[in-house]
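For reference, the structure discussed in these notes is given below.
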Amino acid sequence: MLDMAGLRADTPGCENHVFLDSAGSSLPPRAVVDATIAHLRREAEIGGYRAANERIDDLYAVKTAIGELINADPAALALSDSASRSWSDFFYSVPLAPGDRILISGAEYGSNAIAALQRSRQTGAVVEAIPSDSSGQLDLDALSAMMDERVKLVSLVHVPTNGGLVNPVAEATRIAHRSGALVLLDACQSAGQLPLDVAALNVDALSATGRKWLRGPRGTGFLYVRPELALSLEPGRLDQHSAEWTAPDDYVLSPDAGRFEFWEYSVAARLGLGAAVRYLLDLGPAAVYAAIAERAEYLRKALSEIPGVDVRDRGIQHAGIVSFTLDGLEPVRVRDRLAAESITVTVSHRSSTLLDMSARELNSVVRASPHCFVSFEDLDRFAGAVRALG
Ligand SMILES: *Cc1c(COP(=O)(O)O)cnc(C)c1O
């Protein structure tokens, strides 16, 4: 069981504020803000290099903590400044030739789809979308039927940005691997809100962001790459951290996932990310995941009882994102009217998940995403405010 009073005391931002945007950019716990700011102050005292040297062990511990959370070796992790950076660092390193096929998810995230289209134009590979089944999740039979040896990469979205479904990643990965394709998992909306075990899921690579369910600072993200695979890939851009200049005409790549990292980064933000993951591990991820699921289910039920509200979530297994529309009021207006009452939700627009939203003829949906620090009183206040808008 989580200590709600402690959780809320650790989260100054949730006082007198119903915060429902952990799928966008969550409220960090005090420990994260403190770690980040303390480091910026230390840099101002002794300079960035000495300040970083003082924290060498803590900086390494960031990867240890993430590795513990997703069951990965720290050497299989590359830290970055966003999920999109990490996703594309991996994606652009996979060799593609004319006629190769890239499969993307029906709920693919916009940035990933744009990268896939760009590489298709550059290489002559083709991009195809895996259909969704009648429940809205990835259609495993359709995926099986699409697979052949020309499929080089399958991009799976664990939890889409625009709704609370959970895709069957382990099953889809098994199907993709039978034909020898690589599987890249976008875990941006699952890291920090669902159990993630790269060994159990057996994906080849995974990307996630720090600021969403992990409650880290903005400008943080990470990539996992299966160790043997990392050694066979050459990132599209290198620096003298991802590689070493060994002779006037030669260099060698870093011997692990570090080849996907540049030397320069925000040390303060990275220490903040480490504090965020450690905070989650200390709370107990299973208890946090259960609390998120319980709140999202509560919210779906409360919203579905309000006249004029359509809960738009699909899928069989549900995650912590609750999407809905309200008759007669545009989602951005719903968001703004709620903001005036100290209730934070956000809007997911068609272009973020173009295939899925177009198929459902939706331009945008309101997205409410409660983390474990949100109380049931908060949820009732939110539901009451939505009812009053209708
Ligand atoms: C937010 C999001 C991303 C992008 O994360 P950034 O850190 O902004 O790059 C990718 N995929 C999904 C599903 C997301 O929700």
Side-chain angles (χ1 to χ4, degrees), residues 20-26 28 66 70 77-92 104-118 129-130 132 136-138 154-167 169 172 183-194 196 201 203 205-224 260-261 265-266 269-270 272-273 276-277 292 296 312-315 318-323 345-357 364-369 371:
L20 299 173
D21 191 23
S22 288
S25 191
S26 192
I66 296 171
I70 69 167
L77 297 169
L79 302 176
S80 78
D81 57 4
S82 76
S84 300
R85 177 85 60 195
S86 290
W87 193 94
S88 60
D89 281 347
F90 178 84
F91 179 70
Y92 282 80
I104 62 174
S105 298
E108 194 64 59
Y109 188 68
S111 302
N112 304 347
I114 290 167
L117 292 172
Q118 184 186 35
I130 307 161
S132 303
Q137 70 171 28
L138 213 70
V154 177
S155 167
L156 300 177
V157 177
H158 205 177
V159 173
T161 205
N162 66 331
L165 72 82
V166 183
N167 273 315
V169 170
V183 173
L184 169 53
L185 179 64
D186 178 340
C188 210
Q189 292 295 358
S190 51
Q193 75 129 321
L194 289 176
L196 264 186
L201 294 174
V203 294
L206 172 155
S207 57
T209 203
R211 71 175 186 278
K212 297 181 180 176
W213 299 95
L214 290 171
R215 305 177 64 194
R218 295 202 64 172
T220 56
F222 66 86
L223 172 69
Y224 157 82
F260 289 97
E261 272 174 359
Y265 60 89
S266 164
R270 190 168 291 182
L273 176 63
V277 178
I292 294 169
R312 299 292 184 168
D313 295 328
R314 307 194 69 209
H318 286 148
I321 295 179
V322 180
S323 60
V345 294
T346 192
V347 173
S348 191
H349 295 279
R350 183 199 288 246
S351 59
S352 288
T353 41
L354 184 81
L355 301 175
D356 176 56
M357 296 288 271
S364 59
V365 292
V366 186
R367 186 178 69 180
S369 45
H371 214 303

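As the structure lists them, so they are numbered: ligands from 1, and atoms in each ligand from 1.
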Notebook entry, point to check: Looking only at atom types and distance, does a side-chain atom of S105 sit under 3.5 Å from a main-chain N or O of S155, one as donor and one as acceptor?
Noted result: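 Between the backbone of S155 and the side chain of S105 there is a qualifying donor-acceptor contact (under 3.5 Å).
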Check: Can you tell me if CZ on R218 sees more than 12 non-hydrogen neighbours from other groups inside 6.0 Å?
Finding: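 No - once you tally the heavy atoms of other residues, nucleotides and ligands closer than 6.0 Å, there are 12 at most.
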Check: Does some side-chain heavy atom of E261 sit less than 4.5 Å from a side-chain heavy atom of L79?
Finding: yes
Item checked: By side-chain hydrogen bond (donor to acceptor under 3.5 Å, both in side chains) - contacts of D81 (at least two apart) ->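 For D81 the side-chain hydrogen bond (donor to acceptor under 3.5 Å, both in side chains) partners, ignoring immediate neighbours, are R85.
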Check: Partners of S132 by side-chain contact (heavy atoms from CB on, under 4.5 Å), sequence neighbours excluded?
Finding: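 For S132 there are no side-chain contact (heavy atoms from CB on, under 4.5 Å) partners, ignoring immediate neighbours.
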Item checked: ligand 1: protein residues within heavy-atom distance under 4.0 Å ->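 Under the 4.0 Å cut-off, ligand 1 touches S82, A83, S84, Y109, V159, T161, D186, C188, Q189, T209, R211, K212.
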Check: Taking only residues two or more places apart in sequence or in another chain, which ones pass ring-ring contact (aromatic ring centres under 6.0 Å, His included) with H371?
Finding: W213, F373
